[in-house]
Each structure stands twice: as structure tokens, then as C-alpha cells.
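Below: one structure, written as C-alpha cells.
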Amino acid sequence: MNTSSGIGLSTMKPCRRILVSCKNSSLFGFPFLNSNYLIPDNLSKLQPNLNDLPDSCNRVVGFTRTNTPNWRAFCLSGSDSGQSRFFSGCPVNTSNDRRVSNIANVASDVRNHSTSIESRVNQNSFEKIYVRGDLHVKPLLIETIEEAHKVLENVEKDKDYEARVEVNDSLGVNRDNLNQRSDGSMVFRSTLKREVSEVEKEAWKLLRGAVVNYCGLPVGTVAAADPADKLPLNYDQVFIRDFVPSALAFLLNGEGEIVKNFLLHTLQLQSWEKTVDCHSPGQGLMPASFKVKAVPLEGRNGEFEDVLDPDFGESAIGRVAPVDSGLWWIILLRAYGKITGDYSLQERVDVQTGIRWILNLCLTDGFDMFPTLLVTDGSCMIDRRMGIHGHPLEIQSLFYSALRCSREMLTVNDSTKKLVAAINNRLSALSFHIREHYWVDMKKINEIYRYKTEEYSTEAINKFNIYPEQIPSWLVDWIPENGGYFIGNLQPAHMDFRFFTLGNLWAIISSLGTPTQNEGVVSLIEDKWDDLVSGMPLKICYPALEYEEWRVITGSDPKNTPWSYHNAGSWPTLLWQFTLACMKMGKPELASRALASAEKRLLVDQWPEYYDTRRGRFIGKQSRLYQTWTIAGYLTSKMLLENPEMASMLFWNEDYEILENCVCGLNKNGRRTKCARVASRSPSSMSEPLPPQIKETHC
Ligand code: GLC
């Protein structure tokens, strides 16, 4: 029989779960370090004598600390692989005052942090990170004394940063500009303030009202906070993707604490044991969302503990896998560094491990023939069945962005150089594949229209055996003379010609598309303004699935009826991404135009989640009100437009090194003229053999 000692057992789900309290003391008077760092003074206390452990305890899973800084190991025994689940929590009392009465730590295997995470190369997977002793909780700890000193230095730096940011509480917004640090990094400095509009004031009030605290620290924002909503479902949770615009609004306003807390606490959840129908998805998965719950403390009458309870899809409607969460996490981590100038977060060992785990999951071997990520339906913002299984554009654009972020952030050393090489190779393969096969414009549609089918050979023109009859009738008239876009999905004998906004915007932001293609997308949006932006920016996709297609593809989903919700509804949260894309392409006026039309309605309409109808005229049938990412998206758009320097830190230009790996000469029209991939690989990316899954294919 399994035994456990420690703080308590949760009975919420059939698997055995362990509650682990987080430490919550205030160190240095700088709260957001508390739950993550240990100060040097405490290091010695973190080394309990393992000989003192009872015989029954064959696996140390962590240490707890009581009010006095005495550490106590708690353990599990028995063969329970994959069945334990860890809650991170901190005790709170019943009143609203969530003062901590007991301090503990989710840290595990403190002794061997630097060596407990090892990398290995084998035939099938270029790198697997595993934790010694089958331990699946990743420590959020500093590695060495030197590291601890660095922490102290950073605390000082952060204090400096905090001090320089003036927070105008009455308005709830800072007007900031950039300052350069001695190390060359940029940091915000509040100097001027402007009168903010009533809409902005209200938005800031609501955004702050949506903040969720864990152990007394802000860790995220709920998806929606409509006081009148009696059935919030999971909208009272912190969604990873939904928090990104909130995070950017806070960062652009000089508030880094909540973002740092969010990044570190979601990192803890990454190492959770997750099980759906007795099956555990891969290590590295980030949850779709999490909730902070107050759970009664066993044997402590009236006392509660804050607990983080993640959802990896096991409770989500439709049990959808949150593939995009890890990608968003990486994108946000980079944005945090860029905007605050605090790169120490991404340099931390545990954070580096988090990045590697996510990438391992994405880059692992499979049956795949394509460099695109293969996913199930509903694995991203569109989290219900909408026919986007396979290789949907949204995931590919986010994947590409996350790879670019990771390449910037990963510390290159012996244990990561293969991973870095794999990233480089995947970046070039992915950009070639998307630029070549997902791009459509007038010329390409005409080419498809005349495709021959059933071609057998590596020389085939119609590689995916697309039947010309697949060109939908709406597209014949819709495709403009100038410009074009990336299609929604590509499978054997199937091109999903729908326009998906998020994927196209991130193709621009990350330079997944060529400069000409990116310009083409913006030009198409301008041309099709009435269809895509119109009454409320922006359509999530275009056009809607109707009639038989709706019945078969959505499974007759009453929430995704034509021109509603994911089925071509209009989502104001897409505004900030549109703003970023327009600014990158030198067309901020387009973003301002969209923002101005949204501004007229959002406050009056109570910040809806989405709008319905072809022109986005009605508030969505089942739309939540006071949807946080609508509010935050609006604020972020505003601030980006006022801070072009900041905006420029959040997008990428063409990277010629990536192209060198796969020189697929694209002429002005974005069509391929020659391809010499392998021949001209750059020396840097060839410094070591390719991982097995990165094939030297000739295109
Ligand atoms: C809906 C959206 C999803 C979002 C969630 C919470 O399910 O489709 O993208 O994360 O609501 O707002």
C-alpha cells in the first residue's frame, strides 16, 4: 500500500494527490521573489539528513518547512508511478486576510538540483530530460551559492527598476519611455503622464479587478469577471493564453511582478503528474488554465490553504489538449525579459529546464513527414471542434515564434547544443514548408485550379494531391488581385482555405512569412476590411462553416453556429496582435482605425468575449461579459501604438541565418524559383550532427 506523509491528501480526484504548501515569507521586502528563490542563509538549512528518513520512505519528494525554518522531508513509498499529483499551496485562514500561518516549499531534491536534471542522447530522441528517482516535481530553486549571490544582485536591480517606475494609482496607468541600463538592456522609466480616457480608466479598473492572488501574491487574471454570471464554468480560471495580453498590459505599464509570478507558478505546474483516463501526456505540457482554490487544512479547524489546481485538458470541455500553452509561455517569457530588462529570470536553471521540456515535447520524433506540429482539433484559442486538427496554421505560427524565442533565450552549453541545432533546423524547415505550401494568392489559386492529380514521384507539382474541385466557391471571388494569405491547414488531399486571423498575424509578427507575403497579408486585410475587421475587430476566421459543413465539421455545435464564437465570430482580443502586426509592417494607422471602431463599443457593451454575425454587429449569443483578454487586448493595443520602441521588441524581422539553412529562393511573388537547402547550411548550425528527427531533405 502506498503511504504518504506530508501536509495532506486531497480526495478530489481518484488518483492520490499530495498537497504541498508554498513558502510565502517576505524576503527583502520584495514579494515576488518569495515563492521562488531561496536566500543563501537558508541554503544550509535545505540539507536535511536523508538518513533520518523512515525506512518506509523510499522516495523523497520534497521538503516542508514550518514557521521556524526547519526543513522536513516528506515522502511517498510504493510503486505509484504516474499516479501522484502535487498541489502547490500555502495555508490561509478563513478570513479574506490570507496571511500565511505556515510556510512550506514545493522544492524537491534540493541537494542535487544541478545534477538531478540530466540530458541523454539516444537513438530516438535527441535529448530527454529526466529527473532522478522518477521524481516529477521540478525544483524552483537556485542552484549554487554563486547563483544565490546573483539572486541578491538581481533583487537590487529589480528594486532599482521598481523605484524608477512611477505608478499613477489614480489613473492606474503609467506613461513610460525607455531608458538604457549600463549593460545596454532597455528598461522602462515613467516620466510623462497623459490624461487617460474614461474607457481606459474603466479598463484598468476592471483588469486590476480580474487579478488572482495565490498566497497573497498576484499570479494571473481570471478569464472573465462578470459579477452577474452565475455559471462561470471555467471562466473563473487563469488561462495561459488569456493571460498574455494582461501580462503585456502590465509589463507595458511597468508592472513586472505579476508576470514573473505567473511564469514561475505555471512552471511549477508544468512538472505536475497529469493523467487523463489513466494515460499521462508527455512531460513538459503546460496547463490550459489553473485555478486558485482554498482547501481546508486537515486537522486545522477553520484554516484553509491556497492551492493551485491546473487543468491540462482533463476537465476542459471536449478534453482538448492545450498545445498552445507552452508556446505562449515561452513567448511571454521572452517578452518579460525584453520589456523589463530582467534577463535573470530566463537564465535561471529551472526556467531553462522548463523551456527545454516544452521544446522536447514539440521536437520529439513521431510519424510525421512534415516540419509542422501535428495536433488534435481544438488545441489552441479555438478550443472546440472546428476542423482544425492536423497542422493548423495558428499552432505553426506560435510554434515558429516560440522556437525563435527559445533560440534567443537558451543558454548554449554541451547539454543544449543539440537542442539548439534542432531548433535551427526546424525553424528553416518550418518556414520553407509554410512559405511554400500554405501561401495562397491569385496566382497560386489559379495554379491549383489547373492542378493535375494522382502524380506519383518526388518531382510532383501537386505534392499533396489536391483536387481542384476543393477550391471553395467563396474563394473564387474573394481572393484579391493583390496580396494573399496563409491557409488554415494542409493535409493530404486537403487544403483548408479558410482565413484564420491569429495564425496569419503571428506569421507576420514572427517573420514566418517572407517580407512580401507578410505585406500581402496586411494588404488582404485592408482589402477585405468589411469581412475581417468591420463592425468589431477581428474575425477569428473567415468565412463561417454553414449548413452540412457546419453539421459534419463542428458536430452540430450550437455554440459554433455560423458567424458565431469560433465559427467566424469577431474577437476583440485579436486587436493587440493585429496592432503588433500592423506596426511591424509600418501601417500603424490600420491598427488605430480598428482600435477606434472597437473603442466605441467595448465599454458600452461591457467588454464582450466575442461578437456574432457577418459584420460583428451583435454581442455573441453565449458571450461572456467583462472578458479579461478583451479588456487587456484593448489596453495593450493602445500602449503598443504609443510605444513603437516597445512594440519593436515584440516582433522579429527576417532572419537570414534561418534562410541559409534552407535557401528556397522566393521571387517577388513569393513563388519558388530554386532550392538549395542542404548545400548552403551555415557553419554555425552545422557544428554538430543533426538530431535523428531532422532529416536532410532536399526540396
Ligand atoms: C474560450 C476560448 C478560449 C479561451 C477561453 C477562456 O474557450 O475559446 O480560447 O481561452 O474561452 O477565455
Side-chain angles (χ1 to χ4, degrees), residues 161 165 167 172-178 186-188 190 196 200 203-204 206-208 210-212 218-223 238-263 266 324-325 327-342 345-346 381 397-398 401-402 404-405 409 502 505-506 508-510 537-538 571-584 588 591 594-595 598 602 607 627-652:
Y161 161 66
V165 173
V167 177
V173 62
N174 292 328
R175 293 295 110 212
D176 304 292
N177 62 11
L178 286 172
M186 306 301 275
V187 68
F188 255 173
S190 258
V196 288
E200 281 171 276
W204 273 108
L206 293 169
L207 181 60
R208 295 195 192 287
V211 168
V212 172
V219 289
T221 48
V222 286
V238 180
F239 277 75
I240 308 301
R241 75 175 76 86
D242 291 41
F243 182 66
V244 175
S246 297
L248 292 175
F250 286 122
L251 287 173
L252 292 169
N253 197 38
E255 298 170 63
E257 176 192 350
I258 184 171
V259 183
K260 187 168 185 173
N261 292 340
F262 169 87
L263 287 165
T266 43
D324 66 340
S325 288
L327 307 174
W328 278 120
W329 186 86
I330 289 178
I331 292 167
L332 183 59
L333 177 66
R334 173 186 178 271
Y336 172 86
K338 285 277 177 189
I339 297 178
T340 62
D342 169 17
L345 181 68
Q346 56 186 252
M381 176 178 175
S397 296
L398 294 176
S401 309
R404 289 201 72 170
C405 294
M409 296 189 294
L502 201 150
L505 294 179
W506 277 88
I508 298 174
I509 295 167
S510 65
L538 288 104
W571 290 68
T573 190
L574 293 169
L575 246 182
W576 73 269
Q577 298 155 96
F578 180 56
T579 302
L580 208 48
C582 289
M583 292 180 80
K584 174 179 167 179
L595 190 63
L602 290 178
W607 310 94
Q627 180 82 14
T628 307
W629 68 355
T630 299
I631 299 164
Y634 161 75
L635 288 171
T636 298
S637 297
K638 274 262 189 230
M639 287 188 282
L640 287 173
L641 279 167
E642 286 172 4
N643 288 291
E645 304 91 337
M646 278 291 133
S648 71
M649 292 185 181
L650 301 176
F651 54 69
W652 294 262

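- The shortest side-chain heavy-atom distance between L650 and I509 does not fall under the 4.5 Å cut-off.
- Two residues are said to be in side-chain contact when any heavy atoms from C-beta on lie closer than 4.5 Å; T573 and M381 meet this criterion.
- The nearest pair of heavy atoms linking T579 to L640 is CG2-CB, 4.1 Å.
- The two residues I631 and A203 have their closest heavy-atom pair at CG2-O, 3.3 Å.
- In this structure, K584 contributes its side chain and I508 its backbone to a donor-acceptor pair below 3.5 Å.
- One distance of note links CH2 of W576 with CG of L641; it measures 13.5 Å at 0.5 Å rounding.
- For W328 and W506, the gap between ring centers is short of 6.0 Å.
- Residues satisfying the side-chain contact (heavy atoms from CB on, under 4.5 Å) criterion with A223, sequence neighbours excluded, are Y235, F239, D242, Q627.
- Interatomic distance, NZ of K638 versus CG of L635, reported as 9.5 Å (0.5 Å rounding).
- Residue S510 comes nearest to W652 through the heavy atom pair CA-CE3, 3.6 Å, listed as atom of the first residue, atom of the second, then distance.
- Shown here for A591 and F578, the closest heavy-atom pair between the two residues is CA-CE2, 4.1 Å.
- For A402 against I330, the heavy-atom pair with the smallest separation is O-CG2, 3.6 Å.
- Contact annotation: the side chain of I258 never approaches that of V219 to less than 4.5 Å [non-hydrogen atoms, C-beta and beyond].
- Side chain of N253 to main chain of A249: no donor-acceptor pair is present (N/O by atom type, distance under 3.5 Å, no hydrogens or angles).
- Rounded to the nearest 0.5 Å, atoms CG (L575) and CD (Q577) are 9.5 Å apart.
- S325 places no side-chain N or O within donor-acceptor distance of the main-chain N or O of I240, the cut-off being under 3.5 Å.
- Contact check for T340 versus K260: no side-chain heavy atoms found under the 4.5 Å cut-off.
- For the pair M649/R334, no side-chain contact is recorded, criterion being any heavy-atom separation below 4.5 Å from C-beta on.
- One N or O on the side chain of W329 and one on the backbone of L263 form a donor-acceptor pair closer than 3.5 Å.
- With 3.5 Å as the limit, one finds no donor-acceptor pair spanning the side chains of S246 and W629.
- Take A247 and apply the side-chain contact (heavy atoms from CB on, under 4.5 Å) test, not counting sequence neighbours, and it matches F243, V259, L332.
- A distance-only check finds no donor-acceptor pair linking the side chain of D342 to the backbone of G337 [under 3.5 Å].
- Taking the side chain as every heavy atom from C-beta outward, L505 and L580 never approach each other to under 4.5 Å.
- Side-chain contact check for Y336 versus L345: some heavy-atom pair is nearer than 4.5 Å.
- In terms of heavy atoms, V238 sits closest to G220 at CG1-CA, 4.0 Å.
- With contacts defined as side-chain heavy-atom distances shorter than 4.5 Å, the pair E257/F250 does not qualify.
- Remark: L252 CG to I339 CD1 distance equals 4.5 Å, nearest 0.5 Å.
- Note that CD of Q346 is 5.5 Å distant from CE of M409, once rounded to the nearest 0.5 Å.
- By the side-chain contact (heavy atoms from CB on, under 4.5 Å) test, A210 is found to be paired with T221, V222, T628, residues two or more places apart in sequence or in another chain being considered.
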